[in-house]
Amino acid sequence: MSAPSTVLITGGAGFIGSHACAELLDHGYELIVVDDYSNSAPQVFARVQRVAGRFVGAVYELDIRDRQALSAVFDRHSVDAVVHFAGLKSADASTRRPVEYYDTNVGGTTALLRTMHAHGVHQLVFSSSCAVYGEAGLAPLDETAPTRPTSPYATSKWTCERILADVCRHRPEYSVVCLRYFNPVGAHPSGLLGEDPRGTPDNLMPYLAQVAAGRRERLRVFGDDYPTPDGTAVRDYTHVMDTVEAHRVALDRLADAPGLHVYNLGAGRGSSVLDVVRAFSRACGRPLPYEIAPRRPGDVPALVADASAVTRDWGWHPSRDLDDMCQDAWRFQRLNPYGYEGSARRPNTDRRANGGLPNR
Ligand code: NAD
């Protein structure tokens, strides 16, 4: 079998999805994107085209849970493989809206799988999360570490992984890769693509970027009494360009890799919240203000990847460090202070202090 050439991307207008579109177009793939724009905007595709020098082949506004609409896309295009980014991603919000999280993340995935199956498409790259590990120590975790999800979001990703494991166990025609992301951050080095969250950013890096841009007063660091070197939560951050390169490698290999593959995508290096504040301060050239706030329920002290399996099997390893991540995130923020929709987003500006949380 040869590597797939036409790839359907769900959630391709989002943060990681848009970078993946640029990366895959750059490497000759034909792309079909579906997105409901619940956390993104269609303006991103003009940016993707500027970066990649090519159009995304076709873009459809639809909710992946709408199987009729999704099926019509598969009817119209000959899809070889799917990269499934579409979903909700805030662990914090998932504790307030658990049913919505299960419906979108689990229901969206089963709707996609049923549609793929009906159209004879059996290759899938799935966006999972290090959140499936839950409470863990400071030592790097490999893929055999116990999974103990601590939020509805994490459980929804874990449930999708279980469903995909069952699919692969009972249907040998499937090739599925679950990539457990460890905090993808940063931006495309052009400054044209980046993370453009709606409303108040839920994650540390985009929040810090908005503090640096003067859109928010200061960062709130949730907890300085964790059992970590400086007391703040430790995470493994991965440059989004490294993350999407791993998807391209996965697609290149998928056709010759039947069954289920689960890989951590991380750098194997832990950085505390204060390490990130210092790195971002270096990137933007001034110390960024922060205050310490109480821990948030559900947050874990540390999550660091042992990503040696994907390096050993497929040769992927991240090549960018925390300073690269902050410099690229800052370039995007500086060039796009109000995101892709520019001044139309200004009324949403909120200068209240909030948001010192690592990504999930
Ligand atoms: P994002 O919110 O920027 O992108 C998700 C995209 O999916 C958005 O464009 C959104 O509009 C779309 N979408 C959501 N629900 C949809 C639906 N029902 N139908 C169609 N489109 C829908 O998020 P991201 O940061 O790019 O994350 C992509 C994936 O990676 C998500 O599944 C997320 O859970 C997972 N993930 C992200 C991180 C992270 O830190 N960014 C970490 C671990 C896992």
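Arg331 pairs by the side-chain hydrogen bond (donor to acceptor under 3.5 Å, both in side chains) definition with Asp328, not counting sequence neighbours. Checked against side-chain hydrogen bond (donor to acceptor under 3.5 Å, both in side chains), Thr238 has no partners two or more places apart in sequence or in another chain. The side chain to side chain contact (heavy atoms under 4.5 Å, CB included) search around Asp224 returns Thr232, Ile292, not counting sequence neighbours.
Around NE2 of His77, the count of heavy atoms belonging to other residues, nucleotides or ligands within 6.0 Å exceeds 12. Counting non-hydrogen atoms of neighbouring residues, nucleotides and ligands closer than 6.0 angstrom, the CZ atom of Arg169 exceeds 12 such neighbours. Surrounding CZ of Arg334 are more than 12 heavy atoms belonging to other residues, nucleotides or ligands, all under 6.0 Å away.
Here the shortest heavy-atom pairing between Thr150 and Ala154 reads N-CB, 4.1 Å. A pairwise comparison of heavy atoms in Glu161 and Ser128 identifies OE2-OG, 2.6 Å as the closest pair.
Gln123 places none of its side-chain heavy atoms less than 4.5 Å from the side chain of Asp80.
Between atom CG of residue Asn183 and atom CG of residue Leu265 there is a gap of 11.5 Å, rounded to the nearest 0.5 Å. How far CD1 of Ile16 is from CG of Leu193: 13.0 Å, rounded to the nearest 0.5 Å.
Under the 30°/60° scheme for interplanar angles, the aromatic rings of His117 and Tyr174 are found to lie parallel. His19 and His188 have tilted rings, their planes meeting at an angle from 30° to 60° on a 0 to 90° scale.
Ion pairing of Glu291 with Arg218 is present here, as a side-chain N (NZ or NE/NH1/NH2) and a carboxylate O approach within less than 4.0 Å. Between Glu195 and Lys89 there is a salt bridge, with a side-chain nitrogen of the basic residue lying less than 4.0 Å from a carboxylate oxygen of the acidic one.
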Does the ring pair (Phe, Tyr, Trp, His ring centres under 6.0 Å) test come out yes or no for Tyr29 and His247, once each step is laid out? CA-CA 12 Å; Tyr29 283 88; His247 290 69; over 10 Å; no
Evaluate salt bridge (charged side-chain N to carboxylate O under 4.0 Å, His left out) for Asp323 paired with Arg282, printing each intermediate quantity in order. CA-CA 8 Å; Asp323 283 320; Arg282 281 195 295 279; 3.0 Å; yes
Verify ring pair (Phe, Tyr, Trp, His ring centres under 6.0 Å) between Tyr263 and Trp314, making sure each step is shown before the conclusion. CA-CA 10 Å; Tyr263 289 121; Trp314 290 353; 4.9 Å; yes
Test log, rule side-chain hydrogen bond (donor to acceptor under 3.5 Å, both in side chains), inputs His84 and Thr109: CA-CA 8 Å; His84 180 27; Thr109 299; 3.0 Å; yes
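Linking Ile, Leu, Val, Met, Phe, Trp and Tyr whenever their side-chain heavy atoms come within less than 4.5 Å puts Val185 and Val221 in one cluster.
Taking the ring centre of Tyr207 as origin, the terminal cationic atom of Arg216 falls inside the region bounded by 6.0 Å and 45° from the ring axis. Judged by the 6.0 Å distance and 45° axis criteria, Arg295 is not positioned over the aromatic ring of Phe222.
In summary, the aromatic rings of Phe15 and Phe332 are positioned with their centroids too far apart to meet the 6.0 Å limit.
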